[in-house]
Colleague: 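Input: one structure, supplied below.
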2 protein chains.
Amino acid sequence: MALDRDHALRAAAALLTRKSTATMDEVAKAAGISRATLHRQFAGRDALVRALEALGIAECETALEAARLDENPAEDAVRRLVREVEPAAGLLAFLYTENQLFEGEEQHAGWARIDDRITAVFRRGQQNGEFRIDLTPAWLTEALFGLLASGAWMVQSGKGAPKDFTRMIAELLLGGALRRDETQREGS
Amino acid sequence: MALDRDHALRAAAALLTRKSTATMDEVAKAAGISRATLHRQFAGRDALVRALEALGIAECETALEAARLDENPAEDAVRRLVREVEPAAGLLAFLYTENQLFEGEEQHAGWARIDDRITAVFRRGQQNGEFRIDLTPAWLTEALFGLLASGAWMVQSGKGAPKDFTRMIAELLLGGALRRDETQREGS
DNA sequence: CCCACATGAGACACTCATGTCTCATCGCGG
DNA sequence: CCGCGATGAGACATGAGTGTCTCATGTGGG
């Protein structure tokens, strides 16, 4: 049963990532179950989205662990983070825009914790002297999520290749568009 | 009448920017007119969104003109572009996510033209030697829109100050998070 | 073999936004 | 002063999505 629930959750994630307005009918069909069963596993659309949010948070935290954010240099930590979080980017993009709708309600505490951990890497990088100090850690964190969403959409619309995903995001976030005269790290 | 329509359009833009799911009732109330009148000006919600799209495209093109994208250096052109497009960022963020929903339908041709012009700047910057060549112009363009949306949301949620908006986006897009040893341009 | 339980299919009521309509009112020009 | 046009208010039908319910089926364990 728990397995069925997880299966339905994954299917919902995959579908809603592509079509954020999909109905419960469509989600059920995508999961290969009936709408009734879907309703037995998730009280309603709202509960489903909440569950997806929890899934997204969990995957984010897994990625945070795998990225070993506390190891130096911070630059490499950020690269690892982008790489590890890539599989969840589509789901995150969905949740990211979904969150724009939660007007009054405060967001899930999990996001705050994730935000804090990512913000901390950027702050450490600044204190290290690795990162410039005129871009706030909060903005860098927000920009990371924005770029993840942009990248996910770009891949989805076929305007970009999935294999470039990680590099494009990490390189832009860290290095920017301007060419660096000093020879920096090349490619992967 | 045309003035009324424009007034309603602006009000709708302002509201939908904040709450993308606002109903026709709410839009009408925000514009200070009745739902009936709103319907007389825009055949339906769809027509309203289309009109907003046209408005967004128009504002984008105005910004493109004001940014004088064809002047060198490309770096400054991009900075001007970010500055000029800033007032429209909220509307663009709305349209950006709205476009994710248009599954089958091809997008407005205006976007393609705007995309082309922005892409061209990045390409020119690469040929100039100003920009690195391992980030595709298409990705840089997409990233610009993504960062604009992130910035707009950040300002809206109060997590960032509006006055930093332009700098944060332009600096990240162009320079990235890494510190540059060589002394570059400072501040504005 | 039989029963319990999960499932699928579908009916049903309800909510909500939309689109259309009518009608009274108001303002402005002839 | 009269009438026209635009507007606001509201009723109404419609459609979509949701949530709840019932019932038949089928499958697996006792």
Side-chain angles (χ1 to χ4, degrees), chain A residues 1-56 91 93-95 97-105 108, chain B residues 1-56 91 93-95 97-105 108:
Chain A
M1 187 200 327
L3 288 182
D4 285 352
R5 194 185 133 105
D6 191 67
H7 163 72
L9 198 56
R10 302 285 172 176
L15 175 60
L16 289 173
T17 286
R18 280 179 289 120
K19 185 183 176 187
S20 59
T21 60
T23 68
M24 294 295 272
D25 268 288
E26 295 172 294
V27 171
K29 186 163 299 183
I33 60 179
S34 72
R35 196 161 67 95
T37 302
L38 182 60
H39 263 279
R40 286 178 192 116
Q41 284 160 349
F42 304 97
R45 188 193 180 76
D46 200 59
L48 176 60
V49 173
R50 297 303 173 143
L52 283 173
E53 190 177 29
L55 176 64
L91 177 57
F94 164 70
L95 296 171
T97 54
E98 200 77 3
N99 265 333
Q100 307 302 326
L101 309 181
F102 291 169
E103 278 226 76
E105 329 165 35
H108 194 297
Chain B
M1 187 196 337
L3 287 181
D4 284 352
R5 193 186 133 104
D6 191 68
H7 164 71
L9 198 58
R10 300 285 171 175
L15 175 59
L16 289 173
T17 286
R18 280 178 290 120
K19 185 183 176 188
S20 60
T21 60
T23 69
M24 294 294 273
D25 267 290
E26 295 172 295
V27 172
K29 187 163 299 182
I33 61 179
S34 72
R35 196 162 66 97
T37 303
L38 181 61
H39 262 278
R40 285 179 193 115
Q41 284 160 350
F42 304 97
R45 187 192 179 75
D46 200 60
L48 175 61
V49 173
R50 298 301 172 144
L52 283 173
E53 189 176 30
L55 176 63
L91 177 58
F94 165 69
L95 295 171
T97 54
E98 201 76 4
N99 265 334
Q100 307 302 326
L101 310 180
F102 292 167
E103 276 223 79
E105 330 166 33
H108 194 296

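All chains are named by letter (A, B, ...) in the order of the sequence lines, taking the proteins before the strands, and each is independently numbered beginning at 1.
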Colleague: Starting from P on C:dT15, measure out to CG on B:Asp25 and report it in whole angstrom.
Modeller: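 Distance, rounded to whole Å: 17 Å.
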Colleague: NA contact type, A:Arg40, heavy-atom cut-off 4.0 Å: base, sugar-phosphate, or nothing?
Modeller: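 Base contact - A:Arg40 has a heavy atom under 4.0 Å of at least one base atom.
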Colleague: Between B:Leu16 (CG) and C:dA17 (P), how many Å, whole number?
Modeller: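 About 14 Å, once rounded to whole Å.
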Colleague: Could you state the atom-to-atom distance from CG of B:Leu48 to C1' of C:dT18 in whole Å?
Modeller: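 The distance from CG of B:Leu48 to C1' of C:dT18 comes to 13 Å, rounded to the nearest Å.
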Colleague: State, yes or no, whether a side-chain contact exists between A:Val49 and A:Glu98 at a heavy-atom distance under 4.5 Å.
Modeller: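 Heavy-atom side-chain distance check passes, below 4.5 Å.
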Colleague: Where each residue is assigned the nucleotide of DNA chain D containing its nearest heavy atom, which of A:Asp46 and B:Leu38 is assigned the position nearer the 5′ end?
Modeller: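 That would be B:Leu38.
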Colleague: Return the nearest nucleotide to the side chain of A:His39; candidates are D:dG8, C:dT7, D:dT20.
Modeller: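 The answer is D:dT20.
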Colleague: Does the side chain of B:Ser34 get closer than 4.0 angstrom to OP1 or OP2 of D:dT7 through an N or O atom?
Modeller: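 Checking B:Ser34 against D:dT7: no side-chain N or O falls below 4.0 Å of OP1 or OP2.
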Colleague: So which nucleotide from D:dC21, C:dT18, D:dT7 ends up closest to the side chain of A:Ala36?
Modeller: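 Nearest listed nucleotide: D:dC21.
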Colleague: Between atom NZ in A:Lys29 and atom C1' in C:dG10, what is the gap in whole Å?
Modeller: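 Rounded to whole Å, this separation is 13 Å.
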Colleague: Hey, are the side chains of B:Leu16 and B:Leu91 touching, using non-hydrogen atoms and a 4.5 Å cut-off?
Modeller: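 Side chain of B:Leu16 against side chain of B:Leu91, heavy atoms only: no contact under 4.5 Å found.
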Colleague: Take atom CE of B:Met24 and atom C1' of D:dG10, then tell me their distance rounded to the nearest Å.
Modeller: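 These atoms are roughly 17 Å apart.
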Colleague: Round to a whole Å and report the spacing from CZ of A:Phe42 to P of C:dT7.
Modeller: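 Whole-Å distance recorded here is 12 Å.
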Colleague: Would you say that A:Gln41 contacts A:Ile33 through its side chain, given a criterion of any heavy-atom pair below 4.5 Å between the two side chains?
Modeller: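 Side chain of A:Gln41 against side chain of A:Ile33, heavy atoms only: contact under 4.5 Å found.
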Colleague: Indicate yes or no: does B:Arg10 engage B:Asp6 in a salt bridge with an N to O separation below 4.0 Å.
Modeller: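 A salt bridge links B:Arg10 with B:Asp6.
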Colleague: Between P on C:dG8 and CD1 on A:Ile33, what's the gap in Å once rounded to a whole number?
Modeller: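 Distance, rounded to whole Å: 7 Å.
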Colleague: Taking only side-chain nitrogens and oxygens of A:Thr23, does any of them come within less than 4.0 Å of OP1 or OP2 of D:dG17?
Modeller: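 Checking D:dG17 against A:Thr23, no side-chain N or O comes under 4.0 Å of OP1 or OP2.
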Colleague: When you measure from the side chain of A:Glu26 to the backbone N and O of A:Thr23, does any donor-acceptor pair fall under 3.5 Å?
Modeller: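 Side chain of A:Glu26 to backbone of A:Thr23: a pair is present.
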Colleague: Is a donor-acceptor contact shorter than 3.5 angstrom present between the side chain of A:Arg35 and the base of D:dG19?
Modeller: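 Such a pair exists between side chain and base.
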Colleague: For A:Asp4 and C:dA6, give me the distance from atom CG to atom C1', rounded to whole Å.
Modeller: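 Result: 9 Å.
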